[in-house]
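All ligand and atom numbering here is 1-based and tracks the order in the structure. We're numbering straight along the sequence, starting at 1.
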Amino acid sequence: MIFSRFSFLLLSLGALSLNCKTSTSQPPPPQVVYLKDVAKFPIGASVSPTLLKNNALYRQVAGREYTSLTCENAMKMRPLHPEATRYDWTDADAIVQFAKERGIRMHGHTLLWHQSVPDWMTNFQGDTPAWEALLKDHIQTVVRHYQGQVASWDVVNEAFNDDGTLRNSLWRQKLGDDYLARCFQYAREADQQVLLFYNDYGQEYAPKKMQAILDLVADFKKRNIPIDGLGLQLHINVNTSDANIQNLFQKAAATGLKLHVSELDVSVNPKGEATVMYTDELKEKQATRYELIFKTFKALPAAQQHGLTTWNIGDADTWLRSFYKRQDFPLLFDDQYQPKAVYGRLVKVLK
Ligand code: XIL
């Protein structure tokens with residue numbers, strides 16, 4: 001009995017030392033590195049207040065990966081200014097608070113966007129001065145509310161058509177072509193420190209739109225209209241050409257303004273097929289698009305690197321699914337918020 005107990009003890013010790021041996025000879029666990037640990041410029045994502053509130057995993061990833069956050073929708077006119085005399089700050093404030101608690105910078109998106117006009121405004125009846133006052137009031141109320149809490153604003157979003165003409169938005173109809181410049185002036189009047197951006201998509205495939213934006217910048221500079229940066233949305237896809245992306249960065253950087261890759265995602269189903277197999281080939285193409293953008297952004301002068309922001313966090317949250325009603329897998333995290341292979345490749349690029 002005693003003997004058997006003793007031998008059991010020996011056996012156990014042996015097993016213990018064996019365990020120790022195997023564990024020390026195993027490679028160390030892979031170092032846990034987050035995007036913000038390796039990025040030498042602000043790295044961000046847009047976020048949803050509902051997910052931040054209700055999904056612990058989402059909140060965890062949002063808090064640990066990024067140094068910059070954008071509200072995906074919460075700061076747009078429709079949710080923020082639901083009635084002429086009422087603002088609803090609840091959701092946007094909650095995101096700003098989340099960021100503040102973690103020392104994360106906020107980028108403001110967006111003061112003016114033709115796709116987020118509240119009904120009361122669409123139906124507003126008034127003469128030109130009344131429309132001007134309404135616009136100025138919205139811009140200045142929002143900019144002042146977030147003064148010192150938001151580092152930068154997309155003042156106007158998507159004001160140009162792909163052919164380079166000005167989009168015939170409500171404000172252009174009511175206030176004429178130069179409303180754009182006045183928006184920037186109103187924002188600057190309200191906050192002398194905040195950085196002011198013009199943000200748009202499609203500049204990588206629509207050269208006339210890109211040129212119109214470059215012309216706008218030149219015109220603003222000539223007239224002393226304040227502008228600090230350009231937002232390149234970069235909702236691209238697996239087939240977007242390298243040359244187009246490089247050309248856009250080169251032209252935009254030549255303005256000397258700060259650049260923000262403001263809404264990056266890489267669609268693997270741009271034609272909206274009913275089903276899509278997320279094959280290794282598609283993953284590879286997607287990863288090379290991401291790598292090109294990260295590398296090109298990394299090569300910019302530091303003073304021009306405002307940040308690189310993906311449009312939400314995980315594939316489950318992508319607007320491409322909800323807005324276009326299609327299957328897609330465009331982001332760096334999968335549906336379960338696990339980093340995809342492309343994430344690891346980007347960490348290498350950033351290092
Ligand atoms: C999108 C949001 O992601 C969606 O949730 C919303 O339904 C519509 O707007 N360009 C922009 C963003 O500037 O504001 C848009 O965001 C995507 C295209």
Side-chain angles (χ1 to χ4, degrees), residues 44-55 58 62 66 68-82 88 91-92 94-95 106-119 122 138-139 142 150 152-162 167 169-171 180 183 187 196-206 209-210 213 216 229-237 240 248 252 259-267 269-270 272 293 306-333:
S46 72
V47 288
S48 130
T50 320
L51 286 166
L52 268 190
K53 198 165 152 209
N54 300 333
N55 186 327
Y58 182 91
Y66 306 110
S68 180
L69 291 177
T70 305
C71 297
E72 182 176 14
N73 292 302
M75 286 187 185
K76 291 171 183 168
M77 226 183 226
R78 193 197 282 269
L80 201 61
H81 196 168
D88 183 352
D91 283 345
I95 295 175
M106 279 304 303
H107 171 72
H109 175 81
T110 167
L111 298 170
L112 229 71
W113 186 36
H114 66 283
Q115 287 215 43
S116 185
V117 182
D119 292 343
T122 310
H138 176 82
I139 291 175
V142 177
V150 158
S152 45
W153 273 106
D154 290 334
V155 179
V156 183
N157 193 37
E158 304 182 353
F160 289 98
N161 296 308
D162 284 358
R167 191 187 292 281
S169 67
L170 189 63
W171 302 288
L180 259 168
C183 290
L196 306 178
F197 279 70
Y198 176 77
N199 191 51
D200 216 327
Y201 68 93
Q203 302 170 74
E204 66 286 353
Y205 67 75
K209 182 187 241 179
M210 179 179 70
I213 295 165
L216 177 89
L230 286 178
L232 317 176
Q233 292 187 9
L234 292 180
H235 293 292
I236 61 164
N237 66 70
T240 306
L248 171 59
L259 302 187
H260 183 201
V261 172
S262 54
E263 306 185 13
L264 179 60
D265 48 22
V266 183
S267 168
N269 185 18
I293 287 165
H306 187 63
L308 201 161
T309 298
T310 61
W311 207 237
N312 223 318
I313 296 176
D315 285 343
D317 321 314
T318 176
W319 75 300
L320 298 178
R321 291 188 189 175
S322 49
F323 193 83
Y324 293 109
K325 311 264 178 290
R326 74 183 198 221
Q327 191 58 295
D328 220 319
F329 306 90
L331 291 165
L332 303 181
F333 293 86

Practice problem: Could you point out which residue of Thr309, Leu331, Leu308 forms a side-chain contact (heavy atoms from CB on, under 4.5 Å) with Leu264? | Solution: Leu308
Quiz item: Side chains of Gln233 and Asn157: do they bring a donor and an acceptor to under 3.5 Å?
Solution: yes
Exercise. For ligand 1, list the protein residues that place a heavy atom within a distance below 4.0 Å of one of its atoms, sorted by chain and number.
Key: Glu72, Asn73, Lys76, His109, Trp113, Asn157, Glu158, Gln233, His235, Glu263, Trp311, Trp319, Phe323
Self-check item: Residue list, salt bridge (charged side-chain N to carboxylate O under 4.0 Å, His left out) with Asp315, at least two apart or on another chain
Solution: Lys340
Practice problem: Go through the structure and list residues passing salt bridge (charged side-chain N to carboxylate O under 4.0 Å, His left out) with Asp200, not counting sequence neighbours. | Solution: Lys209
Quiz prompt | Smallest separation among heavy atoms of Ala316 and Arg321, with atom names | solution = CA-NH1, 3.7 Å
Quiz item: Residues two or more places apart in sequence or in another chain: which of them pass ring-ring contact (aromatic ring centres under 6.0 Å, His included) with Phe329?
Solution: Tyr278
